[in-house]
Amino acid sequence: MPYGSLRVSTASSRIALDDLLRHESFVRATLRGLLRDEGRVDDAVQETWLRAAKRPPSQQTDPRAWLAKVARNIAISSWRSERRRARREAAIEQDTATAETAERSRERVEMRQRVVAAVLALEEPYRAVVLLRYEEGLSNGEVARRLGRSAATVRSQLSRAHEILRRRLDGEFGGRERWAVLAVPLVRSAKRALLLPAVGAVLLVTASTPFWPRGASAPPPAVAHGAAIMASDPVAEDESTSDSSDAVVRESVAPTEWAEVDSQDPRRNERLLAAATLCDRGYYLDYERATFSFLHGTRDDPAPQIVRNDWDIYFTSGRFRVDIVTDDQSVIADLGELSPRDFGRLSQFPTEFAGDCAIAEGHAYYIGTRDTDSDLATVIFVRSHEPGRTCEFDWYTTDGTGRAQGSLRDPRVGKCWIEVLTKLRASTRRGSMLTEPRVVLQVRAGSGGGNPNRVNMAGETSAYVDRVSQQELDITPPIESKEESVAYSRGGWIPEDYAFVVTRIRYEGSAAGDSNGQGEFRLMVGGKRIASYRNHKEPIVGEWTEPIELTSGQEAETYLTVANSSAGCVVLDGTLVPRPTRVGFNAPNRGFFAERQGVAAKPERVLTVPEVVLQLRTGHNGGNGARLDLRCRKDMRLDELRDQPLDFSERGPRIDRRTIGYGNGGLVGDGRVFVITKAVYHGDGVCDQSYRKFRLVIGGEKIVDVEDPKEPIEGVWTGRIEVVPGEESRTYLELANATSVLLTGEVRLSGHFEKR
């Protein structure tokens with residue numbers, strides 16, 4: 001009888017088998033990740049449905065979680081049977097068993113001691129989750145409840161702890177191949193592993209990236225499978241919530257440092273980096289923890305100097321946003337509930353792309369990153385999403401050269417994922433191709449607070465343009481401040497097998513500005529600045545005759561921008577020249593597939609006394625807020641963080657436009673709560689010019705929020721607000737200053753510690 005015709009005839013409280021069978025692809029993907037052999041996978045799928053028919057789950061049970069648990073148990077039983085058979089065969093061949101040397105035993109003992117030392121040397125919160133998980137044998141859910149954290153946070157911290165341990169052990173042993181090979185006996189002999197169970201578990205999980213160096217003897221199949229099954233437990237499993245639809249991929253690509261790539265293997269040219277865990281800015285009020293760069297493969301920028309403000313994805317209020325940079329033309333599309341393995345077979349592409357998208361756990365998303373710095377095609381797979389708190393996802397991105405990097409490897413032979421991503425990128429292009437060697441760009445805008453009103457040669461505009469006209473504009477009449485922003489473009493995408501060689505550029509316009517700020521006229525061609533005017537009272541007229549070659553992918557680098565009651569018209573003339581197709585998407589993509597460089601982040605302090613001082617002195621930030629939170633981390637608008645308290649005796653106009661800060665705060669210790677009961681604050685910087693702001697937030701509550709103060713700010717707040725570990729960013733002092741007048745602020749927080 002076919003499965004589709006079976007239906008459970010017991011109580012209505014059980015899930016019908018028809019409903020369970022809808023998840024067959026998920027069950028098969030889970031089993032492939034654990035068994036690998038397709039014949040054994042088929043047998044295990046059959047056994048899963050037999051068990052489901054005999055005793056289906058209740059309707060209150062998550063069907064995927066239940067099926068994952070059943071399938072995993074069947075796989076483990078199969079693996080154990082195979083291991084027993086292998087042991088019987090090995091017993092027959094007695095001459096193949098060799099006694100271990102005393103030297104080898106000594107090495108293993110020393111290794112375990114060094115692993116223990118590495119675990120104990122972990123900083124919090126990583127040490128606590130590792131010890132509770134492996135030493136006390138608690139599940140992820142139990143660890144989360146013990147520490148008062150979410151299960152997603154515990155999984156993320158375990159993953160990060162494994163990454164730190166791998167890096168440290170690589171350094172101590174001189175390479176992964178040495179300590180990974182020494183981990184094999186821990187699987188071969190359960191009796192020996194029980195001598196130090198926590199060490200054995202940590203070592204196996206940490207070693208089972210899996211990584212096996214070229215030139216070293218490969219581990220026995222039983223060892224590799226055993227390590228993979230154990231590795232799936234701490235990262236992905238509480239059994240009630242586990243989703244192993246992409247287990248085959250994740251097992252092969254647990255977060256690591258840079259992985260070795262075989263340059264001789266035509267199927268592989270991939271770099272492995274860590275998965276991304278982002279914190280919702282709507283709750284944590286922290287920009288860098290809510291953003292991620294696919295180009296550099298990093299979230300928190302240590303200096304910050306690697307990425308600065310050029311991030312590729314932004315997580316806030318339960319949504320992904322990708323058009324977050326001034327010149328950003330990035331798009332995102334929800335591909336639906338899709339496992340990594342199934343992504344390579346994707347044939348139906350989305351027709352709608354946007355700048356942001358709602359997040360759904362288990363869904364995949366295509367992201368086309370296009371700005372001045374990068375042109376990438378990326379797919380992400382959402383592992384977990386705790387609404388309003390965190391989101392964890394795997395990612396895979398390519399620059400079109402045949403190279404890729406991310407937290408996953410393409411599980412299929414060849415470069416199937418790269419092909420799909422390239423097709424997705426092509427489908428995002430809207431508008432026409434450049435058919436004649438002439439481009440016309442026009443923008444006319446009223447007062448817009450200095451925001452860029454931009455149009456590029458492909459017809460794409462910035463978010464501040466109100467309307468795109470189908471007819472050419474008249475830029476000569478005077479501009480009124482309340483006038484809408486209108487753009488016009490005649491051009492298109494450069495064909496990939498042609499180059500547009502610009503031989504003549506003519507431009508005209510105005511940038512007088514208004515009471516809201518300076519006017520602006522800026523023309524960029526292929527990333528080269530041709531003209532730039534600010535607060536220019538005379539009409540702008542100019543010409544450029546030096547040849548500039550533009551290729552496919554440089555459309556976003558050729559644009560006209562105006563701001564604050566300004567207008568402009570640009571005409572580019574040249575020729576379309578046939579050229580060999582260049583490999584890749586043709587953006588700079590600096591930092592892609594390269595060793596990460598930059599200043600390492602300083603270890604963060606832990607609060608030892610319940611008293612914190614935060615001080616800020618701003619330069620001219622254009623009205624953007626500079627923030628110093630309880631951790632005293634340097635953000636992108638804070639130019640310098642000093643080790644000594646600031647001198648606030650200086651008064652009057654400033655020559656130094658830099659923003660500096662001081663703070664003696666830190667992280668709230670694990671198992672503690674910092675109860676803030678008093679805040680003493682004051683600020684100074686009164687003037688009649690432009691915009692200023694003084695804001696104090698404690699635990700997400702606005703205690704002080706003053707704009708354009710007319711007199712010095714000072715006061716005392718008393719109450720009770722708890723700050724728990726991981727939420728230090730919700731307590732901060734923020735100042736903004738759009739004038740050259742000194743603006744200072746200080747807050748002194750005090751209270752006491754309580755146990756969680």
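Looking at I313 and I380, their side chains come closer than 4.5 Å, going by heavy atoms from C-beta outward.
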Could you walk me through whether N664 and V612 satisfy the side chain to side chain contact (heavy atoms under 4.5 Å, CB included) test, starting with their C-alpha distance in whole Å, then the side-chain angles of each, then the deciding distance to 0.1 Å, before giving a yes or no? CA-CA 6 Å; N664 65 351; V612 174; 3.8 Å; yes
Pair F315, F393 - check side chain to side chain contact (heavy atoms under 4.5 Å, CB included), show working. CA-CA 12 Å; F315 171 39; F393 60 79; over 6 Å; no
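Annotation: salt bridge (charged side-chain N to carboxylate O under 4.0 Å, His left out) contacts of R403 (sequence neighbours excluded): D399.
Ring geometry, F381 versus W417: the interplanar angle falls from 30° to 60°, so the pair is classed tilted.
Between the side chain of T398 and the backbone N or O of A404, no donor-acceptor pair lies under 3.5 Å. D280 contributes a side-chain N or O that, together with a main-chain N or O of S317, makes up a donor-acceptor pair within less than 3.5 Å. Although no hydrogens or angles enter the test, the distance criterion places a donor-acceptor pair under 3.5 Å between the side chain of R299 and the main chain of T277.
One finds no salt bridge joining R631 and E728 here, because no Lys/Arg side-chain nitrogen approaches an Asp/Glu carboxylate oxygen to under 4.0 Å.
Atom CG of L616 is separated from atom OH of Y662 by 13.0 Å, given to the nearest 0.5 angstrom. Rounded to the nearest 0.5 Å, atoms CD (Q405) and CD (E270) are 10.5 Å apart. If you take CD on E288 and CZ on R281, they are separated by 10.5 Å, rounding to the nearest 0.5 Å.
Residues D629 and S729 have side chains that never bring a donor and an acceptor to within less than 3.5 angstrom of each other.
Shown are D312, T397, T369; of these, the side-chain hydrogen bond (donor to acceptor under 3.5 Å, both in side chains) with T378 is made only by T397.
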